[in-house]
Amino acid sequence: MEKIKINKENNETLLKFNNEFYDENAVQQAVSDFKEYCNISIEDNEITIKPKETSDLNIIGYEFYNYVLGLMKNM
Amino acid sequence: MDEESSMKSNLEINKKDGCILISVNPKFYPVDVVMSVAYIFTDKNYILVDGDPSEEIIVEIHPKENTVELENIGREFNNELINYASYAIQAIKNSKIREAIMKRVTMTNAPKLDNASVTNQEVSDEAKLDTDFDDEEFEFDDPEGIAIPWEEKYGKDKDKQGE
C-alpha cells in the first residue's frame, strides 16, 4: 500500500488520501497549516509536499497523516 | 511467507519496513470507531488508513521509534477497537435515556411562564413530559437532601420564614 511516495530528485513527498476515511475539510486545513513550512500542491486526492528546509521526506509525510487525524478528531 | 514479514490473525507484520498492517472488518467496527482508535495511537506511531469501508479497512502503523514489539502494537490496536466499539454500542443504547434525563433537567429549572406567553404546543410538550415521567417510577432515597430544588431550599421565602 503506497500511500507515501518519495521523490528524492525533486525533494518532495507525494501523499494519497482516501476520501472514504479522511475528511476533505481536515485535509484542506492541514494543507493550510503546513504551508508555513512546506510548499504544497493538491491535485485530486494527491498532495505533493516540498519542505522549505532540509527534512526527512518520510517523516514529513507521516506527520501530515497524523496531523489530519488529529484535526478530524477535533471536528 | 519470508522471515521479514509474517501473518498473525488480522495482523501482517513487516519487520523490514518496521510496520504492521491491520485488517479490520467494517461490519464489526465502523469507520468512525477505527479512526478514533487510530488517533489515540498517533502519540507513538504514524498511522495511515486505507481500504474499502464496505469490505475491509486497512490500518498501517509505523512506530516512531524502532521497536520489535510490532505484534504487541497490533494486538493493542485490536483491544482498543473492542473498547471503542463497546462504548459506541452503549452510547447508542443509552441515547434515549440520556436525552430524556437532559429534557427533565432543563424542564425542572425552566422559569414558569404566565398563560399569555405559553403556546399550546409548549403546554402540550410539558404535559407530555410529565406523563412520560411518572414520579412514582423514579422514587429514590435522598439522605443528603441534594434533590431539593435550589429555590425551595434557599429562596427568598425561606429567608423570611427564618426571621
Side-chain angles (χ1 to χ4, degrees), chain A residues 1-8 11-34 36-38 40-51 53-75, chain B residues 4-5 7 10-14 16-27 29-67 70 73-74 77 80-81 83-84 87-88 91:
Chain A
M1 181 170 77
E2 282 214 67
K3 312 253 340 125
I4 296 182
K5 286 184 185 174
I6 306 295
N7 185 336
K8 287 186 179 178
N11 191 39
E12 58 189 27
T13 299
L14 180 66
L15 309 182
K16 214 167 185 179
F17 280 87
N18 186 333
N19 283 344
E20 302 277 6
F21 301 103
Y22 293 96
D23 183 80
E24 195 173 334
N25 291 332
V27 175
Q28 292 287 348
Q29 180 64 46
V31 167
S32 175
D33 293 343
F34 268 60
E36 185 179 349
Y37 311 103
C38 309
I40 305 182
S41 61
I42 306 176
E43 193 173 329
D44 293 331
N45 295 333
E46 294 183 356
I47 296 175
T48 304
I49 301 178
K50 190 166 184 172
E53 295 179 1
T54 305
S55 305
D56 187 322
L57 296 172
N58 257 322
I59 298 294
I60 286 213
Y62 288 136
E63 289 289 350
F64 193 92
Y65 271 111
N66 275 8
Y67 191 78
V68 173
L69 266 180
L71 289 176
M72 286 171 61
K73 182 66 178 173
N74 295 326
M75 280 184 167
Chain B
E4 292 175 339
S5 64
M7 288 287 294
N10 67 327
L11 311 176
E12 182 180 335
I13 301 165
N14 187 327
K16 180 187 173 188
D17 294 337
C19 71
I20 182 167
L21 296 179
I22 303 172
S23 173
V24 182
N25 187 338
K27 291 180 175 58
Y29 306 107
V31 171
D32 55 346
V33 167
V34 176
M35 300 307 278
S36 292
V37 174
Y39 172 74
I40 66 173
F41 276 73
T42 57
D43 185 34
K44 296 183 179 179
N45 305 277
Y46 296 116
I47 309 290
L48 288 67
V49 182
D50 201 4
D52 182 344
S54 60
E55 293 290 331
E56 181 188 24
I57 302 172
I58 299 172
V59 180
E60 184 176 329
I61 300 180
H62 292 256
K64 291 182 180 178
E65 295 184 3
N66 287 335
T67 177
L70 294 172
I73 293 172
F77 194 93
E80 290 297 339
L81 281 176
N83 189 19
Y84 273 67
Y87 176 81

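Keep in mind that the numbers below use all heavy atoms, side chains included, and drop hydrogens, waters and symmetry copies. Residue numbers start from 1 in every chain, and the chains themselves are labelled A, B, ... in the order their sequence lines are given, proteins ahead of strands.
- When the candidates B:Val31, B:Ile47, B:Asn45, B:Ile57 are compared by the number of heavy-atom contacts under 4.5 Å with chain A, B:Ile47 comes out ahead.
- The side-chain heavy atoms of B:Met35 and A:Leu69, taken from C-beta on, include a pair separated by under 4.5 Å.
- Around the NZ atom of A:Lys5, the shell of radius 6.0 Å holds no more than 12 heavy atoms that belong to other residues, nucleotides or ligands.
- Taken from CZ in A:Phe64 to CG in B:Leu48, the straight-line distance is 12.0 Å, to the nearest 0.5 Å.
- Across A:Tyr22, A:Tyr65, A:Phe21, the residue that shares the most heavy-atom pairs under 4.5 angstrom with chain B is A:Phe21.
- Residues A:Asn66 and B:Lys64 are in side-chain contact: their nearest non-hydrogen atoms beyond the backbone lie under 4.5 Å apart.
- Judged purely by atom type and a 3.5 angstrom limit, A:Asn18 has no side-chain atom pairing as donor or acceptor with the backbone of B:Val49.
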